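This report refers to the structure that appears directly beneath it.
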Amino acid sequence: FGMSEAEKQALNKERREGNDTNFDKRNKNLFDLAREHAKKTGKPLVINFETVNCSPCHKKQAEALPEMTKELAGKATILNMDPNSTETEKLLKQHGISMDIFKDGFPATGIFSFDANNQATQKGELINGYTSKSSMDKLQPGSEAYQKAMSYDKLMKALKKQL
């Protein structure tokens, strides 16, 4: 569940102009649809939290999301959302997801399940960061930077371990 690139660009333009109304409505709609789908299927909801001004977020969405969607098909419902607005923050809080989980920044990926009252339970730890394929290619294998980098493979290994 997520927005098309054209829709995202239009909504981000509105946000830059100070209007979050349509953005917040779309976030709420997508969140509700994904949450209900996860509950209906009994599968966890994997949320990729990304922000509009985050370069690693854009790289993750372009590089990792298509593969992640294929690899997790039938195992989880996937939602991409930008939590950086007051109304979206309130929405998440209503479901028991605090902005405090983003202390290490974005992008971040979390796995959630929902009870009958739509309260979220986070499964495992929030997985922070993403290093693009081109950036990984520039790092020296075995180096400290290479070990710390959140590659696609490392991201998927962490997700699968928590699922």
Side-chain angles (χ1 to χ4, degrees), residues 1-9 11-13 15-16 23 26-27 30-31 33-35 37-39 41-85 88-89 91-93 95-114 119-163:
F1 291 87
M3 295 181 228
S4 70
E5 192 57 38
E7 183 179 30
K8 199 179 306 175
Q9 287 177 6
L11 291 173
N12 286 334
K13 181 180 183 287
R15 292 184 79 198
R16 285 189 298 276
F23 173 81
R26 187 68 173 139
N27 256 351
L30 288 171
F31 181 83
L33 287 170
R35 185 195 69 232
H37 184 266
K39 284 174 59 177
T41 62
K43 306 290 183 200
L45 176 60
V46 173
I47 305 177
N48 290 305
F49 296 101
E50 304 162 341
T51 63
V52 68
N53 295 321
C54 168
S55 179
C57 297
H58 298 286
K59 295 282 187 188
K60 180 180 173 189
Q61 189 171 75
E63 293 180 359
L65 184 61
E67 292 301 317
M68 180 188 292
T69 302
K70 289 178 195 171
E71 283 195 54
L72 297 182
K75 299 174 187 162
T77 298
I78 300 172
L79 169 67
N80 284 4
M81 74 181 308
D82 182 337
N84 275 339
S85 77
T88 299
E89 182 177 340
L91 168 71
L92 292 173
K93 190 174 183 177
H95 295 283
I97 302 173
S98 166
M99 293 300 281
D100 294 341
I101 67 173
F102 304 118
K103 66 185 180 304
D104 293 326
F106 298 96
T109 302
I111 302 172
F112 301 89
S113 61
F114 294 86
Q119 289 301 296
T121 299
Q122 186 176 339
K123 186 174 182 179
E125 297 293 319
L126 197 67
I127 304 164
N128 286 94
Y130 181 75
T131 305
S132 69
K133 292 175 185 176
S134 61
S135 293
M136 284 300 293
D137 290 343
K138 293 175 186 172
L139 296 174
Q140 179 66 36
S143 68
E144 186 176 340
Y146 189 89
Q147 297 302 318
K148 287 183 177 182
M150 180 57 72
S151 66
Y152 174 75
D153 292 336
K154 197 172 180 181
L155 170 68
M156 288 308 300
K157 184 176 179 180
L159 276 173
K160 288 177 180 179
K161 183 178 178 183
Q162 293 182 27
L163 284 174

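Nothing here was measured: the structure is a model prediction, and the numbers come from that model.
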Inset, instruction - Evaluate whether atom NZ of K59 has more than 12 neighbouring non-hydrogen atoms of other residues, nucleotides or ligands under 6.0 angstrom away. - result: no
Legend entry - Residue list, side chain to side chain donor-acceptor pair (under 3.5 Å) with S151, at least two apart or on another chain: none
Legend entry - Neighbour count above 12 (heavy atom, 6.0 Å) for E125 CD: no
Inset, instruction - Could you list all the ring-ring contact (aromatic ring centres under 6.0 Å, His included) pairs where at least one residue sits in residues 63-82, not counting sequence neighbours? - result: none
Legend entry - Donor-acceptor contact below 3.5 Å, side chain H95 vs main chain F114: no
Inset, instruction - Just jot down the salt bridge (charged side-chain N to carboxylate O under 4.0 Å, His left out) partners of E63, sequence neighbours excluded, or say none. - result: none
Legend entry - Heavy-atom side-chain proximity of I78 to L45 below 4.5 angstrom: no
Legend entry - Atom pair CG/CE of N27 and M81 - distance to nearest 0.5 Å: 4.0 Å
Report all side-chain donor-acceptor pairs from residues 101-110 shorter than 3.5 Å, counting only partners two or more places apart or in another chain.
from: T109; atom 1: OG1; to: N48; atom 2: OD1; distance (Å): 2.9
from: T109; atom 1: OG1; to: K60; atom 2: NZ; distance (Å): 2.3

Legend entry - Closest approach of M150 to G129 (non-hydrogen atoms, all atoms of both residues): CG-O, 3.2 Å
Inset, instruction - Would you list the pairs meeting disulfide (SG to SG under 2.5 Å) in which at least one residue belongs to residues 50-79, sequence neighbours left out? - result: C54-C57
Legend entry - Sub-4.5 Å side-chain heavy-atom contact between K43 and K75: no
Legend entry - Any residue meeting side chain to side chain donor-acceptor pair (under 3.5 Å) with T77, in chain and number order, not counting sequence neighbours: H37
Legend entry - Set of side chain to side chain donor-acceptor pair (under 3.5 Å) partners for E144, sequence neighbours left out: K148
Legend entry - Beyond-backbone contact of R35 with L79, side-chain heavy atoms, under 4.5 angstrom: no
Legend entry - By salt bridge (charged side-chain N to carboxylate O under 4.0 Å, His left out) - contacts of K138 (at least two apart): none
Legend entry - E71: partners by salt bridge (charged side-chain N to carboxylate O under 4.0 Å, His left out), with sequence neighbours left out: K160
Legend entry - Validation row: N84, V52 side chains within 4.5 angstrom (heavy atoms): no
Inset, instruction - Rounded to the nearest 0.5 Å, what's the gap from CD on Q122 to OG on S98? Could you check? - result: 10.0 Å
Inset, instruction - Measure the shortest side-chain to side-chain distance between P44 and F112 over non-hydrogen atoms and say whether it is less than 4.5 angstrom. - result: no
Inset, instruction - Check whether any side-chain heavy atom of D82 lies under 4.5 Å from a side-chain heavy atom of T88, and answer yes or no. - result: no
Legend entry - Check: L163 main-chain N/O paired with K123 side-chain donor or acceptor under 3.5 Å: yes
Inset, instruction - Report the distance from atom CD1 of I111 to atom OG1 of T121, rounding to the nearest 0.5 Å. - result: 13.0 Å
Inset, instruction - Might you point out which heavy atoms bring H58 and T51 nearest each other, and give the distance in Å? - result: NE2-O, 4.1 Å
Legend entry - Closest approach of M99 to L92 (non-hydrogen atoms, all atoms of both residues): SD-CD1, 4.4 Å
Legend entry - Distance, nearest 0.5 Å, that separates CG of L65 from CG of N80: 4.5 Å
Inset, instruction - Can you measure from CD1 (I97) to CD (E89) and round to the nearest 0.5 angstrom? - result: 12.0 Å
Legend entry - Check: Y146 and Q140 side chains under 4.5 Å, non-hydrogen atoms: no
Inset, instruction - With sequence neighbours left out, write down each residue that passes side chain to side chain donor-acceptor pair (under 3.5 Å) with S134, or none if nothing qualifies. - result: S132
Inset, instruction - With sequence neighbours excluded, give me every ring-ring contact (aromatic ring centres under 6.0 Å, His included) pair touching residues 124-144. - result: none
Legend entry - Test salt bridge (charged side-chain N to carboxylate O under 4.0 Å, His left out) applied to K161 - qualifying residues, sequence neighbours left out: none
